[in-house]
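Convention: sequence-line order gives letters A, B, ...; per-chain numbering from 1. Values below: all heavy atoms of this structure, side chains included; hydrogens, waters and symmetry mates excluded.
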Amino acid sequence: MIRSVVFLFFLLFFQPVLCLAELRGTGDLGVIIERASHSALIINTSDRSILSRIEGLGDVSHASVVFSRDQRYAYIFGRDGGLSIIDLLSGKIVKRILQAGNSIGGAISQDGKLIAVSNYTPGGVKIFSGDTLELLADIPAFYNDKQRSKVIGLVDAPGQRFICSLFDAGEMWLIDVKNPKQPKIKKFQNIGKQPYDALLTPDGRYYLAGLFGEPGLALLDLWNTEAGVKRILGDYGKHETKLPVYKMPHLEGWTIAGNRMFVPAVGQHEVLVVNTVNWQLIKRIAVAGQPVFVMARPDGRQIWVNFALPDNHQLQIIDVKNMELIKTLTPGKAVLHMEFTPRGENVWVSVRDENKIVIYDTNSFAIEKNLTANKPSGIFFTSRANQLGL
Amino acid sequence: MWRTLLLLVIMPVAFAETDNLMPQRKQVLQELLKNDCGACHGLTLKGGLGPPLLPEALAGKSDTMLVDKILHGRTGTAMPAWEKIINVQEAHWLVQYLKKSR
């Protein structure tokens with residue numbers, strides 16, 4: 001009798017613990033930002049299910065996410081300067097700070113130990129410990145003596161470094177954080193007017209910033225930083241009237257497929273194909289509107305493109321083999337973002353104004369499933385944890 | 001003939017003052033403000049790539065200038081011309097709406 005009572009007690013006390021400790025990997029999980037309700041969903045890409053919703057994340061209207069290298073924790077960078085760590089297993093906020101007034105994005109260091117955030121106001125970069133979110137370095141983006149620039153396009157780079165671009169100053173900063181409390185900064189000036197976003201090529205060698213204030217892109221070769229920043233595609237669209245850009249393209253989605261790079265044109269309804277050996281323009285592909293994200297399926301065979309207003313109900317797909325449009329899909333009103341499963345059999349698409357996530361088969365273009373989400377925007381899968389520049 | 005012409009000239013101004021947009025259209029404009037203007041000016045209009053559009057920031061700036069910026073954009077900056085999507089009357093309503101504290 002006493003024995004069974006003890007056993008019952010044991011069960012009562014330990015069962016919740018046992019439940020929580022259910023064994024699960026995190027390699028097929030992800031986070032979907034719900035921009036209007038200050039929340040995010042944790043999802044599973046194998047069952048295509050929603051696991052939980054996390055609330056209280058502040059203004060996440062333009063939020064981006066990076067993952068710890070064990071793929072258990074997500075760092076969410078909010079528009080309001082909020083930086084939150086989420087535990088994907090427990091579905092809880094582990095830690096949250098407000099680190100600036102107005103923020104645009106962040107990155108995780110090569111060794112996974114540091115988190116860097118780029119801020120609009122006050123303009124600059126802050127470096128935090130990934131575990132504790134303790135501030136290790138504050139790097140104001142000063143230019144012209146006393147002015148501070150908005151910082152964009154912050155990514156990690158090999159050699160325990162970060163790179164970012166200064167929108168107002170037209171500079172690129174290469175930040176060495178081997179000693180995080182004393183970062184060493186190498187500045188590249190006069191890279192071009194108004195760099196608005198940037199990317200690191202998946203091999204970690206080139207950093208490219210798109211320019212808004214003049215034609216072309218600024219290119220830094222990290223294998224040869226002595227050569228400085230070069231301008232590419234400087235002649236592109238020079239003599240054509242610029243169409244209004246209702247939404248800035250995002251360059252995180254700029255894409256390398258083989259030795260071709262696919263980039264959104266700015267002010268033209270085109271995707272540009274660039275040869276990454278000599279950086280010359282190969283082809284201009286006419287598309288439905290101002291491209292926002294131009295993303296390659298992980299195998300590099302397809303490029304998926306979404307658009308700014310008023311064409312943002314569509315998605316177009318380019319076949320890389322012939323560099324031609326092969327399909328136009330209409331997922332619904334306000335297609336904001338897309339993310340491929342790690343090996344690319346599916347793509348998840350957020351449709352803000354229809355409160356849904358559409359999951360497509362990327363071979364047949366058939367819809368495999370719809371999920372309900374509240375004004376979904378960014379979609380981020382944990383497979384990003386092991387990719388340079390993401 | 002002259003009368004119709006005169007009317008055509010006066011109409012946008014008259015409309016602007018009399019705020020007779022359909023409630024549905026106002027709803028659409030509010031959503032546009034939050035989502036699409038918000039992409040640059042922030043969801044809460046506290047600023048981003050573009051400057052804040054809060055009442056404090058706009059107080060003292062002329063309606064004509066602000067309406068003009070919305071419709072025609074500012075060359076050399078990221079502010080696009082919205083005239084293909086928003087008409088004069090709607091731009092006036094947006095400026096009034098932005099200037100009111102909410």
**Prompt:** Taking it one step at a time, do A/E34 and A/L41 satisfy side-chain contact (heavy atoms from CB on, under 4.5 Å)?
**Reply:** CA-CA 7 Å; A/E34 296 184 309; A/L41 300 174; 3.7 Å; yes
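- For A/D197 (side chain) and A/L251 (main-chain N/O), a donor-acceptor pair under 3.5 Å exists by modelled atom type.
- Under the 3.5 Å distance criterion, the side-chain polar atoms of A/S350 are left unmatched by any main-chain donor or acceptor of A/G378.
- Both the backbone and the side chain of B/L49 come within less than 4.5 Å of a heavy atom in chain A.
- When B/T44, B/N35, B/I85, B/D36 are compared by the number of non-hydrogen pairs under 4.5 Å with chain A, B/N35 comes out ahead.
- Distance alone, capped at 3.5 Å, places no donor-acceptor pair between the A/R96 side chain and the A/G82 backbone.
- For B/A78, the parts lying near chain A are the backbone and the side chain together; criterion is any non-hydrogen pair under 4.5 Å.
- A/K242 NZ: more than 12 foreign heavy atoms inside a 6.0 Å radius.
- When every heavy atom of A/G267 is checked against every heavy atom of A/V245, the shortest pair comes out as N-CG2, 3.5 Å.
- When the heavy atoms of residues 63-72 of chain B are compared with those of chain A, none of the residues falls under 4.5 Å.
- Of the atoms belonging to A/D353, it is side-chain heavy atoms, and not backbone ones, that fall under 4.5 Å from chain B.
- Both the backbone and the side chain of A/R35 come within contact range of chain B, judged by heavy atoms closer than 4.5 Å.
- Relative ring orientation between A/H250 and A/F293 is described as parallel, the plane-to-plane angle staying below 30° on a 0-90° scale split at 30° and 60°.
- Your options are A/H62, A/K150, A/E214, and the one with the most heavy-atom pairs under 4.5 Å with chain B is A/K150.
- A/V305 pairs in a side-chain contact (heavy atoms from CB on, under 4.5 Å) with only one of the listed residues (A/V271, A/V292, A/L315), which is A/V271.
- The environment of CG in A/N190 is sparse: at most 12 heavy-atom neighbours from other residues, nucleotides or ligands sit within 6.0 Å.
- A/F167 touches chain B through its side chain: at least one heavy atom from C-beta onward sits under 4.5 Å away, while N, CA, C and O do not.
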